[in-house]
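What follows is a single structure, written as structure tokens, with notes after it.
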Amino acid sequence: MALDVDPTGPGDPLDPLDPSGPGGPSDHAISERVEELLAAGGTLPVVTAGHPVLRRGALPFDGQLSPSLLTRFIEALRETMRAAPGVGLAAPQVGVPLRIAVIEDPAPVPEEVRVARGRVPQPFRVLVNPSYDALGTERVAFFEGCLSMPGWQAVVARPARVRLRALDAQGAVVEEEFTGWPARIVQHETDHLDGTLYIDKAETRSLSSNEAVAARWAQPTPERAASALGFRMPG
Ligand code: ZN
């Protein structure tokens, strides 16, 4: 493709939820999109890096979906996350620009990994309009991946402890501290709602295919990868 041609012009003709119009997408357009996704049945298609919906901030949820549609949408997010399999999924990853995410981690990992990464089981939960603040200054760095960047992982340093503020699916206020791997999941999914992908925060020299991680960098911590690939262990 010629690099001097703007392939799209203003806005994104492939995306009816493009917010470039006044006021952004209407509640009706969002609700219709969700109905279409659910009507297709089965798991939801996950959009990948390069789709603008992953780079726009998502809209606060304020009733754009009826209670019954919200329930069905959350159920579909859960099934899609489990089928992937993944430990979290944010609405923009299925093309829906709302601040809604689900997380769940059965944490089927060896004891040494559980200890090093704090990867303890995280029950299913729904995060509506989440935000987080770091608690303390400790940062921890591990390989992580994303369903919207399939096949790749990179080392990301993140605050070891965060305080989450969110609503649950019933609209009740949740304020809770997270540590270990659940803290990483909360940050990764909330970042999606701000248009941030993990690669934005990663040590880019750590970028490794899933095959390379499995073959070489499956140690509980990434020090050996840092030495071999030439990145600094952040923290
Ligand atoms: Zn992700």
Side-chain angles (χ1 to χ4, degrees), residues 15 17 33-34 37 43-61 73-109 117-119 121-132 134 139-160 162 164 166 178 180-204 206-214 217 222 234:
D15 185 358
L17 299 188
R33 164 65 61 91
V34 172
L37 285 169
T43 59
L44 307 174
V46 175
V47 303
T48 51
H51 194 304
V53 73
L54 293 172
R55 290 313 202 167
R56 301 176 195 130
L59 300 166
F61 178 73
F73 181 51
I74 288 169
E75 181 61 23
L77 287 173
R78 171 158 66 176
E79 293 312 310
T80 302
M81 171 180 67
R82 286 179 173 172
V87 297
L89 188 65
Q93 293 183 274
V94 297
V96 175
L98 293 175
R99 292 187 70 86
I100 298 171
V102 295
I103 64 175
E104 180 183 49
D105 185 10
V109 294
R117 302 181 190 171
R119 187 156 173 195
Q122 167 62 52
F124 177 78
R125 63 193 301 165
V126 181
L127 310 181
V128 176
N129 298 341
S131 62
Y132 67 84
R139 294 168 71 79
V140 285
F142 295 105
F143 276 101
E144 66 180 71
C146 178
L147 296 177
S148 292
M149 299 180 62
W152 297 92
Q153 299 180 46
V155 171
V156 186
R158 294 187 180 275
V162 295
L164 169 75
F178 286 78
W181 208 256
R184 180 166 295 263
I185 299 170
V186 162
Q187 292 172 69
H188 179 116
E189 299 309 327
T190 303
D191 286 356
H192 269 302
L193 306 177
D194 295 326
T196 296
L197 297 175
Y198 81 84
I199 196 67
D200 302 338
K201 297 181 170 182
E203 295 298 311
T204 49
S206 72
L207 186 67
S208 300
S209 66
N210 285 347
E211 292 76 15
V213 171
W217 312 131

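All ligand and atom numbering here is 1-based and tracks the order in the structure. Residue numbers start at 1 and run along the sequence shown. Predicted model, so just to flag it, every value in this text is computed and none were measured.
- Under a 4.0 Å N-O distance rule, the pair Arg82/Glu104 qualifies as a salt bridge.
- Annotation: protein N, O or S atoms under 2.8 Å of the Zn ion (ligand 1) (waters excluded) comprise Cys146 SG, His188 NE2, His192 NE2.
- Qualifying side-chain contact (heavy atoms from CB on, under 4.5 Å) partners for Ala84, counting only residues two or more places apart in sequence or in other chains: Leu147.
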Could you walk me through whether Arg184 and Asp105 pass the salt bridge (Lys or Arg N to Asp or Glu O under 4.0 Å) test, one step at a time? CA-CA 11 Å; Arg184 180 166 295 263; Asp105 185 10; over 6 Å; no

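- Residues Val53 and Arg56 have side chains in contact (heavy-atom distance under 4.5 Å, counting atoms from C-beta outward).
- For the pair Val155 and Ala141, the tightest heavy-atom approach, listed with the atom from each and the gap, is CG1-CB, 3.8 Å.
- Partner of Glu144 under the salt bridge (charged side-chain N to carboxylate O under 4.0 Å, His left out) criterion, out of Lys201, Arg117, Arg158: Arg158 alone.
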